[in-house]
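The structure appears right after this line, and notes come after that.
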Amino acid sequence: MPTRKQHLIYLTGFMGSGKSTIAPILANTIGYTHLDIDEEIEKSSGRRISEIFSDAGEPVFRSIERKILATISTSDECVVSLGGGTITNDANLSVVKSTGILIYLKADIDQIVKRLRHKTNRPMITAADGSVLPENMLRERVTAMLIQREPFYNQADIIVPTGNRRVGLTVDDIVRRITHFHM
């Protein structure tokens, strides 16, 4: 009989670590629904995340994110893709850890930079005017943010490297590890 905690699986990790790709496949594999916290924020606010950041700032975005997480945390049989910064707030981390299994999808800096270098819809890693940062500046920004966020990510129940592995292998690894979690 699964414990209450096993009915929610949260995926965390830096932008570009594979959360949005892996979460729906993992959910489908184990017969759970899937929720993406960023999509839920956009639905509830009626605005794109980049607009919330530019119009209202990060503190307003984080406030909306906290409310959405509180709602999601009462869900059942769900795989949740968290935003890259969601668990960098102690209250959010506590909600996640007390209501589900937290999985850190760990990608290295080279992998992250490669995946993000052409993205313009990520306000934390674009220039002030919304343009793509030159690769050296992107690497510096990612490195600084990762240093700040890694202590939170490392509190995950399960850490899964996503480097150069195929998505299917990563999902298989996660399924195997959550099956043995709390047994």
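Only a predicted model underlies this, so the values are computations on that prediction, with no experimental measurement involved.
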So CD1 of Ile72 and OG1 of Thr99: to nearest 0.5 Å the spacing works out to 10.0 Å
Go through the steps for Arg139 and Ile109 under the test side chain to side chain contact (heavy atoms under 4.5 Å, CB included), then give the verdict.
CA-CA 7 Å; Arg139 181 175 295 277; Ile109 289 172; 3.5 Å; yes
I want to check something: taking the side chain as every heavy atom from C-beta on, are Tyr153 and Leu105 in contact at a cut-off of under 4.5 Å?
no
So, Ser63 side chain and Pro59 main chain: donor-acceptor pair closer than 3.5 Å or not?
no
Any luck finding a side-chain donor-acceptor pair between Gln148 and Thr88 under 3.5 Å?
no
What distance do Cys78 atom SG and Leu8 atom CG have between them, rounded to the nearest 0.5 Å?
6.0 Å
Looking at Asp157 and Arg177, is any side-chain nitrogen of the basic one under 4.0 Å from a carboxylate oxygen of the acidic one?
no
Any chance you could lay out the side chain to side chain contact (heavy atoms under 4.5 Å, CB included) test for Ile178 and Ile30, step after step, and finish with the verdict?
CA-CA 10 Å; Ile178 59 177; Ile30 62 175; 4.2 Å; yes
Taking every heavy atom of Gly83 against every heavy atom of Ile37, the minimum-distance pair comes out as N-CG2, 3.1 Å
Given His34 and Ser81, is the side chain to side chain contact (heavy atoms under 4.5 Å, CB included) satisfied, shown in steps?
CA-CA 8 Å; His34 164 247; Ser81 313; 2.9 Å; yes
To the nearest 0.5 Å, tell me how far Phe61 CZ sits from Ile41 CD1.
4.0 Å
Checking the side chain of Lys106 only, and the main-chain atoms of Asn154 only, is there a donor and an acceptor separated by less than 3.5 Å?
no
Student check: side-chain heavy atoms of Leu26 and Val175 closer than 4.5 Å
yes
About how many Å separate CG of Asn92 and CZ of Arg66, when rounded to the nearest 0.5 Å?
6.5 Å
Using modelled atom types only, decide if a donor and an acceptor are shared between the side chain of Arg47 and the backbone of Glu42 within a distance under 3.5 Å.
no
With respect to Tyr10, which candidate in Ile101, Ile103, Ile87, Val96 satisfies the side chain to side chain contact (heavy atoms under 4.5 Å, CB included) definition?
Val96
What are the two closest heavy atoms between Val60 and Ala56, and how far apart are they?
CG2-O, 3.5 Å
Taking every heavy atom of Ser73 against every heavy atom of Val95, the minimum-distance pair comes out as CB-CG1, 3.6 Å
Given Leu82 and Leu69, is the side chain to side chain contact (heavy atoms under 4.5 Å, CB included) satisfied, shown in steps?
CA-CA 9 Å; Leu82 297 171; Leu69 178 63; 4.0 Å; yes
Lys43 and Glu39 ion-paired at < 4.0 Å
no
Check step by step if side chain to side chain donor-acceptor pair (under 3.5 Å) holds for Thr86 and Glu65.
CA-CA 7 Å; Thr86 306; Glu65 181 181 58; 2.7 Å; yes
What is the ring orientation for Tyr32 with His7, classed by angle as parallel under 30°, tilted 30 to 60°, or perpendicular over 60°?
parallel
Should Glu77 and Thr33 count as side-chain neighbours, where that means a heavy-atom distance under 4.5 Å?
no
CA sep, side-chain torsions, deciding dist, call: Asp173, Arg165, salt bridge (Lys or Arg N to Asp or Glu O under 4.0 Å):
CA-CA 11 Å; Asp173 186 16; Arg165 295 166 88 191; 3.3 Å; yes
Give a yes or no answer on whether the side chain of Ser94 reaches the backbone of Asp90 with a donor-acceptor pair at less than 3.5 Å.
no
Are any side-chain N or O atoms of Lys19 and backbone N or O atoms of Tyr104, one a donor and one an acceptor, separated by less than 3.5 Å?
no
Determine whether a donor-acceptor pair (N or O, by modelled atom type, separation under 3.5 Å) exists between the side chain of Thr162 and the backbone of Ser17.
yes
Is Arg48 salt-bridged to Glu51, going by a charged N under 4.0 Å from an acidic O?
no
Heavy-atom side-chain proximity of Val80 to Leu11 below 4.5 angstrom
no
Show the nearest heavy-atom pair for residues Ser20 and Asp36, with the distance to one decimal.
OG-OD2, 3.2 Å
What's the separation between atom OG in Ser98 and atom CG in Leu93, rounded to the nearest 0.5 Å?
9.5 Å
Quick one: pull up CD1 in Ile52 and CD1 in Ile64 and give me the separation to the nearest 0.5 Å.
4.5 Å
